[in-house]
Q: 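Quick one: the structure is below, questions incoming.
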Amino acid sequence: MITVAVNNNLASSKYALQLIQNASIYNGLKLAHITPNETVVYYNNKKIPLRDYIEQIKLHKHPDLLIVELSKEAMEKAIYENIKFNIALLFEDTSYDRKSLFNRGVLPRKLLNMIKANYYIIPESYHKKNKKYITYGWSDDASVSATSAEVQIDGSLNVQCCIKSYMPTLEGEAITLREFGIEVPFNDVEATLAAVATLIIYGIKLNEN
């Protein structure tokens with residue numbers, strides 16, 4: 001079971017999850033999806049730690065992919081301590097709120113220390129230079145970038161994606177430089193790139209054009 005943590009306070013995260021879920025289902029994968037808000041969860045009429053609940057999902061539901069939405073309230077309670085995810089997919093909030101965990105420049109210092117993962121998929125603006133950080137954005141320096149994006153007549157978005165640096169997969173393969181197009185049913189380039197990075201790391205086949 002692969003675990004993907006996603007901060008869910010922004011529209012981009014919803015769009016990225018939509019694309020990840022659709023691609024997973026298309027590839028015949030079994031999904032599970034939870035949005036915990038407490039450090040303990042009721043399971044079979046008993047309170048158990050969230051970490052144990054995730055293990056129960058793995059043992060009894062046998063999903064290929066478990067998506068864990070990270071709500072702002074849950075993170076303020078630090079309920080994800082002692083849990084390590086395979087992938088953490090994170091977005092930033094460009095609005096200014098001094099207390100927000102998701103503001104530009106705040107996310108690496110607080111959120112990246114709070115959420116433990118094998119790989120972090122984050123905006124390129126954070127300039128993290130480490131193999132465990134996979135970046136997305138319009139910049140040429142991003143691991144997964146967009147060279148063009150065009151809204152179609154039906155409202156869908158066609159994004160030309162480019163992988164410009166070595167990208168690992170959880171199966172130990174290496175993805176190298178290549179460019180491809182992908183069409184999505186929403187107008188959000190960053191959500192598309194973030195979802196593409198997640199799918200590539202997981203090894204899910206993309207519906208490229």
Side-chain angles (χ1 to χ4, degrees), residues 1-93 99-103 106-123 128 130 132-134 136 168-172 191 194-205:
M1 180 182 77
I2 303 301
T3 53
V4 179
V6 185
N7 65 309
N8 70 355
N9 65 320
L10 301 170
S12 291
S13 61
K14 305 295 185 184
Y15 291 139
L17 282 179
Q18 178 185 347
L19 183 54
I20 292 168
Q21 290 171 329
N22 290 346
S24 299
I25 293 170
Y26 179 81
N27 283 273
L29 301 178
K30 185 177 179 181
L31 303 180
H33 192 154
I34 61 174
T35 309
N37 288 311
E38 301 290 344
T39 54
V40 295
V41 178
Y42 276 99
Y43 182 77
N44 290 339
N45 298 318
K46 294 181 179 180
K47 282 186 175 181
I48 63 174
L50 177 58
R51 181 176 57 182
D52 293 348
Y53 178 58
I54 290 175
E55 188 64 24
Q56 290 299 314
I57 292 174
K58 178 180 179 180
L59 292 174
H60 298 291
K61 294 187 177 181
H62 309 290
D64 298 296
L65 178 66
L66 171 62
I67 294 171
V68 181
E69 290 196 45
L70 311 175
S71 69
K72 179 180 178 180
E73 295 77 12
M75 282 185 285
E76 288 173 346
K77 297 175 185 176
I79 74 169
Y80 305 108
E81 289 183 343
N82 303 317
I83 298 174
K84 187 169 185 179
F85 302 96
N86 295 110
I87 300 170
L89 173 56
L90 305 175
F91 297 87
E92 68 178 356
D93 188 349
K99 295 181 180 180
S100 176
L101 285 167
F102 306 102
N103 283 327
V106 177
L107 186 150
R109 186 172 66 251
K110 291 185 178 179
L111 195 55
L112 294 182
N113 290 333
M114 182 185 299
I115 306 301
K116 307 300 181 185
N118 294 327
Y119 294 104
Y120 296 88
I121 299 175
I122 60 175
K128 290 288 187 179
N130 185 302
K132 69 178 181 179
Y133 295 109
I134 308 300
Y136 62 87
T169 70
L170 293 174
E171 296 180 349
V196 165
T198 304
L199 294 169
I200 288 174
I201 292 175
Y202 187 26
I204 298 176
K205 184 178 180 181

Q: Does the side chain of Asn118 come within less than 4.5 Å of Phe85's, by heavy atoms?
A: no

Q: Find out whether Val6 and Leu17 are in side-chain contact, i.e. whether some heavy atom of one side chain is under 4.5 Å from a heavy atom of the other.
A: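 Yes, at least one pair of side-chain atoms sits under 4.5 Å.
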
Q: Kindly compute the distance separating CD (Glu69) from NZ (Lys14), expressed to the nearest 0.5 Å.
A: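 The CD atom of Glu69 sits 4.5 Å away from the NZ atom of Lys14.
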
Q: Do you know which two heavy atoms are closest between Arg51 and Asn82, and how far apart they sit?
A: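 Smallest interatomic distance, heavy atoms only, reads CD-O, 3.2 Å.
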
Q: Please determine which of Val68, Ile54, Ile83 meets the side-chain contact (heavy atoms from CB on, under 4.5 Å) test together with Pro36.
A: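 Of Val68, Ile54, Ile83, side-chain contact (heavy atoms from CB on, under 4.5 Å) with Pro36 is met by Val68 alone.
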
Q: To the nearest 0.5 Å, what is the distance between CG on Asn27 and OH on Tyr202?
A: 9.5 Å

Q: Closer than 3.5 angstrom, by distance alone: can the side chain of Tyr120 be matched with the main-chain N or O of Ile115 as a donor-acceptor pair?
A: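 Answer holds: yes.
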
Q: Could you go step by step and tell me if Ile67 and Ile34 meet the side-chain contact (heavy atoms from CB on, under 4.5 Å) rule?
A: CA-CA 6 Å; Ile67 294 171; Ile34 61 174; over 6 Å; no

Q: Identify the heavy atoms of Leu66 and His33 that sit nearest to each other, and give their distance.
A: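 That would be CD1-N, 4.1 Å.
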
Q: State the NZ-CD1 distance between Lys58 and Ile2, to the nearest 0.5 angstrom.
A: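 Here the rounded value is 9.0 Å.
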
Q: Looking only at heavy atoms, what is the nearest atom pair of Pro123 and Leu90, with distance?
A: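 Scanning both residues, the minimum pair turns out to be CD-O, 3.6 Å.
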
Q: Could you tell me the separation between the CE atom of Met1 and the CG atom of Leu59, rounded to the nearest 0.5 Å?
A: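 The CE atom of Met1 sits 8.5 Å away from the CG atom of Leu59.
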
Q: Of all the heavy-atom pairs spanning Ser24 and Leu65, show the shortest one and how long it is.
A: OG-CD2, 3.5 Å

Q: Just by distance, do the side chain of Thr3 and the backbone of Asn86 share a donor-acceptor pair under 3.5 Å?
A: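 Checked: pair present.
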
Q: For Gln56 and Asn44, run side-chain contact (heavy atoms from CB on, under 4.5 Å): C-alpha distance rounded to whole Å, both residues' side-chain angles, the deciding distance at 0.1 Å, then the answer.
A: CA-CA 11 Å; Gln56 290 299 314; Asn44 290 339; 5.9 Å; no

Q: How far does OH of Tyr43 sit from CD1 of Ile57, to the nearest 0.5 angstrom?
A: 8.0 Å

Q: Ignoring hydrogens, what is the shortest heavy-atom contact between Ala195 and Ala16? Give both atom names and the distance.
A: CB-O, 3.7 Å

Q: I'd like to know whether NZ of Lys61 has more than 12 heavy-atom contacts from other residues, nucleotides or ligands below 6.0 angstrom.
A: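 Not more than 12 within 6.0 Å, no.
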
Q: Heavy atoms only: give me the nearest Ile134-Ala197 pair and the separation to one decimal.
A: CG2-CB, 4.1 Å

Q: Are the side chain of Asp52 and the backbone of Ile48 linked by a donor-acceptor contact shorter than 3.5 Å?
A: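 No; zero donor-acceptor contacts below 3.5 Å.
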
Q: Check this for me: Tyr80, atom OH, are more than 12 non-hydrogen atoms of other residues, nucleotides or ligands nearer than 6.0 Å?
A: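 Yes.
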
Q: For the pair Asn7 (side chain) and Phe91 (backbone), establish whether a donor and an acceptor sit closer than 3.5 Å, ignoring hydrogens and angles.
A: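 Confirmed, Asn7 side chain pairs with Phe91 backbone.
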
Q: Would you give the length of the straight line joining atom OG1 of Thr198 to atom CD1 of Ile20, rounded to the nearest 0.5 angstrom?
A: 4.0 Å

